[in-house]
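Below you'll find the structure, written out as structure tokens, and then a few comments.
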Number of protein chains: 2
Amino acid sequence: MTKAVETEWRRARRLSARQAIVDAAWQLAHQEGLLGWSLRDLAREAGITTPTVYAYFESKHAIYDAMFGQAATEFDDYMGAPYDVDDPREHFAAYGRQFLTFCTSDPARYQLLFQRTIPGFEPSPESYAPSIRALDRLGGLLAANGVTEARHRDLWTALATGLASQQVSNDPGGTRWSDLIEESVDMLLAHCLPASGSHNARSRSRRKSGARR
Amino acid sequence: MTKAVETEWRRARRLSARQAIVDAAWQLAHQEGLLGWSLRDLAREAGITTPTVYAYFESKHAIYDAMFGQAATEFDDYMGAPYDVDDPREHFAAYGRQFLTFCTSDPARYQLLFQRTIPGFEPSPESYAPSIRALDRLGGLLAANGVTEARHRDLWTALATGLASQQVSNDPGGTRWSDLIEESVDMLLAHCLPASGSHNARSRSRRKSGARR
DNA sequence: GTCTATAGCTGGATAGAC
DNA sequence: GTCTATCCAGCTATAGAC
């Protein structure tokens, strides 16, 4: 059995070496921008040499793909974490806040996941899979709020990504747009559920007490 | 006076030569992406050589800056064109449709103007100026609709750019998100003007008759 | 102003010793 | 698997003849 154990150990070593390279790539993406680093920079950052990078990844795009997969998994985990609320509307509002926090906390990751800006790069199906799971969960959340039409889901994704994009592009580090998420949730639900009286009073009062810039 | 005339003529020639280079750059940006071309490609496309490019632009960033300035001017002109409507709300809806049309009709231009994705490039103040004018006009348009709070303007920019961004990124060439602009205008105005009954009936009926995908 | 020619460098990627 | 050494194509940008 010694052989099998050693194989497993090597596999773990290999994965952690891959991970160290991906970590260094993120480090550079944060410092220099998603496109602002080369494989030489990456090797230096990781404390290895360029050929060693190629022992773990077959191309630079493969590194971007690993970064995408990690980011998509983080997104799925982050948005799927328990929210500790009962009311579907509160659940949805918390989801919106989480989304903005996720996007604005790492602009490079946002750019990789949601804008398609790297020339010639498309994520592999495996790397993309967690994003699909996350989108499915959004559908369930909207349904729990009585929002079932596909175009209303599209309206929500536009609004949420728009807030994130404006925040990241035009007020980096601030909260000018991300503070509008509560109000956006109110607005969207009021629009999608025209005749639901019970929630409005509460949501409207909360909106007015929300932080502003 | 011959000399002055010739000077003017040369100036015009020089400007048109610059313009020819910028046109070629747009051509490549449409074909290969905003970042997918080199100065060699550009020279070939323009029917000249690389050093000649440098007779008109001091760097590649200077070309991007000229492209940005042209795009911003186009944006200002396009959004400022007369709309031929009296009602402020119709005016606003037409503005929204124009915005989506402008953004989706040229994704490369959208990327240059509204996403900041070229490493190290910032538009010069002169190139950026028309964008500011266009944003000021938006303020007037919103005010004519009774929307005066700054955060409501921010909400609108997030919604409009979000629709455009989703459309360009996730359904290029389609209308899945841009078709939602009418509904977005309704939603926003209903939210910002809680107690205005007169317009709602009309806008709601128009929304329902709008095209869907 | 436009060219030929090329500098000077950096990019991704590889050969081959160890 | 990791290194040294290097390939070669590509890049932006420039020198200098015409």
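Chain identifiers are assigned alphabetically (A, B, ...) following the order of the sequence lines, protein sequences preceding nucleic acid strands; residue numbering begins at 1 within each chain.
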For this session: Grab the CZ-C1' distance between A:R11 and D:dG1 for me, whole Å please.
Result: 18 Å

Exercise. Roughly, in whole Å, what's the span from CD1 in A:I63 to P in C:dA13?
Worked result: 9 Å

For this session: Return the value, rounded to whole Å, for the distance between atom NZ of B:K60 and atom P of D:dT12.
Result: 4 Å

For this session: Evaluate side-chain hydrogen bond (donor to acceptor under 3.5 Å, both in side chains) for B:H61 paired with B:E122, printing each intermediate quantity in order.
Result: CA-CA 9 Å; B:H61 274 18; B:E122 286 285 322; over 6 Å; no

For this session: Would you mind telling me which of A:Y110, A:F102, A:Y128 makes a ring pair (Phe, Tyr, Trp, His ring centres under 6.0 Å) with A:F75?
Result: A:F102

Exercise. Of B:S59 and A:R13, whose nearest nucleotide on DNA chain D comes first from the 5' end?
Worked result: A:R13

For this session: Return no unless some side-chain N or O of A:T49 is found under 4.0 Å from OP1 or OP2 of D:dT2.
Result: no

Seminar exercise, completed: Atom CZ of A:R44 and atom P of C:dG12 are separated, to the nearest Å, by 12 Å

Seminar exercise, completed: When rounded to whole Å, the NE2 to P distance for the pair A:H61 and C:dG11 reads 16 Å

For this session: Using atom CZ of B:R40 as one end and atom C1' of C:dA5 as the other, report the distance to the nearest whole Å.
Result: 11 Å

For this session: Take the protein atom CZ of A:R18 and the nucleotide atom P of D:dT2, then report the distance between them rounded to whole Å.
Result: 13 Å

For this session: Quick one: do A:R44 and A:T49 satisfy side chain to side chain contact (heavy atoms under 4.5 Å, CB included)? Show the steps, please.
Result: CA-CA 7 Å; A:R44 192 183 319 115; A:T49 59; over 6 Å; no

For this session: Would you mind reading off the distance between A:F57 atom CZ and D:dT2 atom P, rounded to a whole angstrom?
Result: 12 Å

Exercise. Which part of the nucleic acid, if any, lies within contact of A:S38, taking any heavy atom under 4.0 Å across all strands shown: a base, the sugar-phosphate backbone alone, or nothing?
Worked result: sugar-phosphate

Exercise. If you check every side-chain atom of A:P51, which of D:dA13, C:dT14, D:dT14 has the closest atom?
Worked result: C:dT14

Problem set entry | B:Y64/B:W37 aromatic ring centres below 6.0 Å | yes

Exercise. A:T52 side chain N/O closer than 4.0 Å to the phosphate oxygens (OP1, OP2) of D:dC3?
Worked result: yes

Exercise. Taking atom types as modelled, is there a side-chain donor on A:T73 or A:D76 under 3.5 Å from an acceptor on the other?
Worked result: no

Problem set entry | Phosphate-side-chain proximity, B:Y54 and C:dT2, N/O vs OP1/OP2 below 4.0 Å | no

Exercise. A:R14 near the nucleic acid: base, sugar-phosphate alone, or nothing, with a heavy-atom cut-off under 4.0 Å?
Worked result: sugar-phosphate

